[in-house]
Amino acid sequence: MDNLNKLMKGWFSEVCALWPGVALSLEIEQLLYSKKSKFQQIDLYQTKSHGKMLALDGIIQLTEFDEFAYQEMLAHVPLFAHPDPRNILVIGGGDGGILREINRHGCVEHIDFCEIDEDVILVSKEFLPGLACGFDDPRVHVYIGDGNEFVKTKTAAYDVVIVDSSDPIGPGEILFQKAFYEGLKKTLKPNGIIATQGESFFLHKACVANLAGITRDLFPVQAYALVMVPTYPGGHIGLCMGSLGPDPATPARRITPAMQDQLQYYTPDIHQAAFVLPHFAAKLVKAG
Ligand code: SPD
C-alpha cells in the first residue's frame, strides 16, 4: 500500500485505455509547461531521472533519456534503405527530433514537414532545443495543418515519407486508417518508401495487425521492425514500412564514420537486426 501511495504522489503515471491495467511512472521534479491547445493537452515535465518529458493528452511522446532510439530508427532505417533519398515528407513529430536525424543525410535536398498542432513545435523550441534544432535546416519547409489533407495535395513527390504520429486516439487516429495509407502511397516516387510508428506488438496486437495488413495490401514490399524505447509502453515500439521497390530491411547506402559517430542507436547491423521479430510478432505481422 505504501508503494501505491508513493506512485500517486509526485509521480507521472501514463494511464491509458490503449494499455489497460499497466502504466509507466516517472518521478517529476517540476511541471514546466501545461496548455490545452486547439487539439490536445500539452505537458512538459522536468523528471528526476529521465530529463525533460513531453506528454500529449497524458501520453509520453518522448523523454530526453531515450528519444534518440526512436528518432534515429524511424528516420535512418527508411533513409538508408533508399538508394538515393532526395525529397522527404514528414508528418507529425512537432518536437523536431525526426527532422534532426534526416538533416544528417547530405543527399537529402528538400524536406516537407506537416504538423497539425503548432503549439507542439513552439513548446519544443522553448524547452527541447536538442530536438527543435531539426527546424533550423534550410531544407526543411514547415506546413501547419492536417497531414491527411496535406498528402492529398501531392503526387509522386517523395522518395521517403515518415509518419511520426501519436497513438491512434485523438488527432493521430486518422493516421492509422487505410485511406491515409492510400494517400501516402500516391505521394511516393518510383522506389519510394514509407515508414510509420507501428505501436507495440505486445500491447497493441490489433493495431499492429491492422497496419501490417494495410501496408501488405497496398505495397509490393512490406516490413515491420522493432525499436527498444524504455519509456514507451512495453519498452519498445514498432516501425511499419511499405516500399515500392527497395527492401526496407537492407541498407542501400553506407553510413560515413563521421555520421556514425554522431548516432547512439542506429548502425547498419541494428538496421537489419531490427526486422528479426519474436515468433509471435512475426506471425501477427504476417497474419494482419
Ligand atoms: N506511445 C507514444 C508513441 C509516440 C510516437 N511519437 C512520438 C513523437 C516523437 N518525435
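Just so you know, ligand 1 is whichever comes first in the structure, and atom 1 is the first atom listed for that ligand. Residue numbers count from 1 along this sequence. Quick note: numbers below take in every heavy atom, side chains included, and nothing from hydrogens, waters or symmetry partners.
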### Summary
Taking only non-hydrogen atoms of Ser165 and a 4.0 Å limit, the atoms of ligand 1 in range are 4 (C), 5 (C), 6 (N)
### Query
Does Ile60 have a heavy atom less than 4.0 Å from any atom of ligand 1?
yes
### Query
Which of these, Asp95, Thr196, Leu56, has its nearest heavy atom closest to atom 9 (C) of ligand 1?
Asp95
### Query
Same cluster or not: are Met73 and Met241 linked, directly or through other Ile, Leu, Val, Met, Phe, Trp or Tyr residues, by side-chain heavy atoms under 4.5 angstrom apart?
yes
### Message
Can you tell me which portion of Gln71 lies within the under-4.0 Å heavy-atom range of ligand 1? Options are side chain, backbone, both, or neither.
### Response
side chain
### Query
Does one hydrophobic cluster hold both Leu62 and Tyr45, with members joined at side-chain heavy-atom distances below 4.5 Å?
no
### Query
Is the shortest distance from a Lys or Arg side-chain nitrogen in Lys152 or Glu149 to a carboxylate oxygen in the other one below 4.0 Å?
yes
### Query
Given Leu54, Val120, Asp167, which has its nearest heavy atom closest to atom 1 (N) of ligand 1?
Asp167
### Message
Looking at every heavy atom in both Ile91 and Phe180, which two are closest together, and how far apart are they?
### Response
CD1-CZ, 3.9 Å
### Message
Taking the ring centre of each residue, are His76 and Tyr265 less than 6.0 Å apart?
### Response
no
#### Entry: Gln61 and ligand 1 - part of the residue with a heavy-atom distance under 4.0 Å
both
### Query
Between Arg139, Arg253, His82, which is the residue that forms a side-chain hydrogen bond (donor to acceptor under 3.5 Å, both in side chains) with His105?
Arg253
### Task
Measure the distances from the heavy atoms of Asp164 to every atom of ligand 1 and state whether one is below 4.0 angstrom.
yes
